[in-house]
Structure formats: structure tokens, C-alpha cells
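Working notes, beginning with the structure itself.
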Amino acid sequence: MAKKDKTNVMRVLDQNKIVYTGYQWEDVDKLKVESPIYKTLVTQGKSGEHYVFVVPVTQELNLKKAAKVVGEKNIHMIKEKELLPLTGYIHGGCSPIGMKKQFKTVLDESAKEYELILFSGGKVGFSVEVNPRDLVAVINFELADIATA
């Protein structure tokens with residue numbers, strides 16, 4: 001991927017010497033990437049705190065499980081218009097890496113089963129494939145059972 005095509009997420013991974021593969025969506029389709037794809041969801045708890053959850057795209061975030069993991073009575077998804085000012089990302093391009101502020105982040109425990117996972121590269125149409133164990137160098141997260149089929 002050309003330097004001009006790199007997203008902020010890719011630059012953060014480069015700076016931390018984390019091995020990854022960057023893709024544009026048409027590449028993912030053409031190359032038949034086998035790694036599971038995860039989505040990044042931003043929520044707000046009853047306390048007013050924000051939380052980031054990363055779950056497989058084939059599943060939904062279980063709000064009850066997620067609230068329990070972060071110690072909230074309940075949580076809800078934030079409104080789309082709140083996403084950019086809060087995180088620096090737009091809907092469809094939100095990544096757990098490189099947000100304006102580091103929020104408590106929870107990655108679905110299914111990620112530990114894989115050598116590589118794919119998630120947003122921080123811009124619509126861009127993705128990164130990375131070993132989930134390497135993410136500890138760039139985001140503080142915990143693994144938990146937060147998804148539901």
C-alpha cells in the first residue's frame with residue numbers, strides 16, 4: 001500500500017512496529033481474505049462514560065453482557081452524529097486504534113481463537129489485518145464474552 005494511502009490506524013501500527021496487512025475493500029473481495037472481520041461499536045453507559053466494543057460482524061453486541069463487563073447498570077449505542085466529534089471517526093470507518101481519546105475497550109473473546117483478525121483501518125473502505133495479541137501495544141483492552149449470534 002502506497003504511503004499516501006495509509007490511514008492514521010496504519011501509521012499507529014507502523015510506529016509501534018506491529019505487523020499488519022492493509023486492505024481496501026475491493027482487495028478483500030478479490031483476495032478472498034480468510035480472517036474473520038470485526039466491527040467497532042461505541043456506547044455510553046448510564047454513568048455517562050463511553051466504551052468501545054469490538055465484535056464479529058456476523059454477530060451483535062449483547063448490551064447486557066457488555067454493561068456487566070464494564071461495570072455499568074446499562075449501556076446504549078451512541079448516536080451516529082456523536083461519533084465523529086467523540087472519536088474522530090465516521091460511521092463505517094471507526095477503529096479501536098487512534099481514537100481522539102482512549103476509551104475502555106473490550107474485544108470479544110472469540111478473537112483469541114484466531115491468528116489474525118480484520119477490522120476497520122480508520123477510514124471507510126480500509127481495513128487492517130492484525131494478530132489480536134499484538135493490539136496490546138496500541139490499545140488497552142480486555143477480552144470478554146460480549147457478542148450474541
Side-chain angles (χ1 to χ4, degrees), residues 1 6-25 27-28 33-149:
M1 185 165 281
K6 289 206 172 180
T7 66
N8 187 47
V9 170
M10 294 171 189
R11 286 188 283 280
V12 169
L13 292 170
D14 286 341
Q15 289 166 359
N16 287 276
K17 296 177 177 38
I18 294 176
V19 176
Y20 71 94
T21 303
Y23 295 103
Q24 287 188 272
W25 267 110
D27 297 334
V28 173
V33 174
E34 298 292 325
S35 300
I37 303 169
Y38 283 68
K39 59 188 172 186
T40 304
L41 305 169
V42 182
T43 65
Q44 186 172 20
K46 186 173 173 114
S47 69
E49 290 294 316
H50 291 92
Y51 304 97
V52 176
F53 297 95
V54 184
V55 298
V57 296
T58 56
Q59 298 185 331
E60 296 296 321
L61 175 64
N62 182 312
L63 294 173
K64 286 186 180 198
K65 288 180 181 179
K68 187 174 181 178
V69 168
V70 297
E72 288 278 358
K73 187 171 235 147
N74 60 55
I75 59 171
H76 64 273
M77 300 297 299
I78 65 166
K79 292 179 174 66
E80 191 174 325
K81 67 181 182 186
E82 297 172 16
L83 191 61
L84 180 61
L86 182 69
T87 66
Y89 292 122
I90 62 169
H91 181 74
C94 190
S95 178
I97 298 172
M99 289 190 178
K100 285 182 173 182
K101 180 182 172 195
Q102 179 67 53
F103 299 104
K104 181 171 181 128
T105 302
V106 181
L107 179 59
D108 186 67
E109 67 183 5
S110 62
K112 69 183 175 191
E113 299 171 22
Y114 302 104
E115 209 45 48
L116 297 168
I117 62 170
L118 202 71
F119 56 86
S120 176
K123 187 175 174 185
V124 175
F126 285 78
S127 295
V128 291
E129 185 179 46
V130 65
N131 185 316
R133 289 166 266 316
D134 291 341
L135 292 176
V136 296
V138 290
I139 54 174
N140 182 17
F141 72 93
E142 67 178 280
L143 289 167
D145 175 20
I146 54 170
T148 188

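Note that this is a predicted model, so its numbers are computed, not measured.
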Would you list the atom pairs, donor with acceptor, under 3.5 Å between side chains in residues 47-59 and any protein atom, with sequence neighbours excluded?
| residue | atom | partner | partner atom | Å |
| --- | --- | --- | --- | --- |
| Ser47 | OG | Glu49 | N | 3.2 |
| Ser47 | OG | Glu72 | OE2 | 2.4 |
| Tyr51 | OH | Glu72 | OE2 | 2.6 |

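- The number of heavy-atom neighbours closer than 6.0 Å to CD of Glu60, taken from other residues, nucleotides and ligands shown, is 12 or below.
- With rounding to the nearest 0.5 angstrom, the CZ atom of Arg133 is 10.5 Å from the NZ atom of Lys112.
- At least one side-chain heavy atom of Tyr89 sits less than 4.5 Å from a side-chain heavy atom of Ser95.
- For Thr7 (side chain) and Gly121 (main-chain N/O), a donor-acceptor pair under 3.5 Å exists by modelled atom type.
- Atom CD of Glu129 and atom CD of Glu115 lie 11.0 Å apart (nearest 0.5 Å).
- Residues Ser35 and Ile117 are not in side-chain contact: their nearest non-hydrogen atoms beyond the backbone lie 4.5 Å or more apart.
- Other residues, nucleotides and ligands contribute only 12 or fewer heavy atoms inside 6.0 Å of the NZ atom of Lys68.
- In terms of heavy atoms, Asp134 sits closest to Ile18 at O-CD1, 3.3 Å.
- When every heavy atom of Met99 is checked against every heavy atom of Cys94, the shortest pair comes out as CE-SG, 3.6 Å.
- Contact annotation: the side chain of Leu61 approaches that of Thr43 to within less than 4.5 Å [non-hydrogen atoms, C-beta and beyond].
- Between Phe119 and Pro96, some side-chain heavy-atom pair lies under the 4.5 Å cut-off.
- Looking only at distances, no side-chain donor or acceptor of Lys101 sits under 3.5 Å from a matching main-chain atom of Leu86.
- To the nearest 0.5 Å, atom CG of residue Asn140 and atom CD of residue Gln102 are 6.5 Å apart.
- By the neighbour-count criterion of 12 heavy atoms within 6.0 Å, atom NE2 of His91 is sparsely surrounded, having that number or fewer from other residues, nucleotides or ligands.
- In terms of heavy atoms, Met10 sits closest to Tyr23 at CE-N, 4.5 Å.
- Taken to the nearest 0.5 Å, the NZ atom of Lys6 stands 9.0 Å off from the CG atom of Leu13.
- Proximity of Asn131 to Val19: side-chain heavy atoms (C-beta onward) are nowhere separated by under 4.5 Å.
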The test is side chain to side chain contact (heavy atoms under 4.5 Å, CB included); show your working for Phe103 and Val42 and say whether it passes.
CA-CA 9 Å; Phe103 299 104; Val42 182; 5.6 Å; no
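- No side-chain heavy atom of Val9 sits less than 4.5 Å from a side-chain heavy atom of Tyr20.
- The side chain to side chain donor-acceptor pair (under 3.5 Å) test with Tyr38 singles out one residue from Ser120, Ser127, Ser110, and that residue is Ser110.
- Applying the side-chain contact (heavy atoms from CB on, under 4.5 Å) rule to Gln15 yields no partners; only residues at least two apart in sequence or on another chain are considered.
- In this structure, Ile78 CD1 and Thr87 OG1 are separated by 6.5 Å, a value rounded to the nearest 0.5 Å.
- Within the model, atoms CG of Asn74 and NZ of Lys64 stand 10.0 Å from one another, a figure rounded to the nearest 0.5 Å.
- At least one side-chain heavy atom of Ile97 sits under 4.5 Å from a side-chain heavy atom of Leu135.
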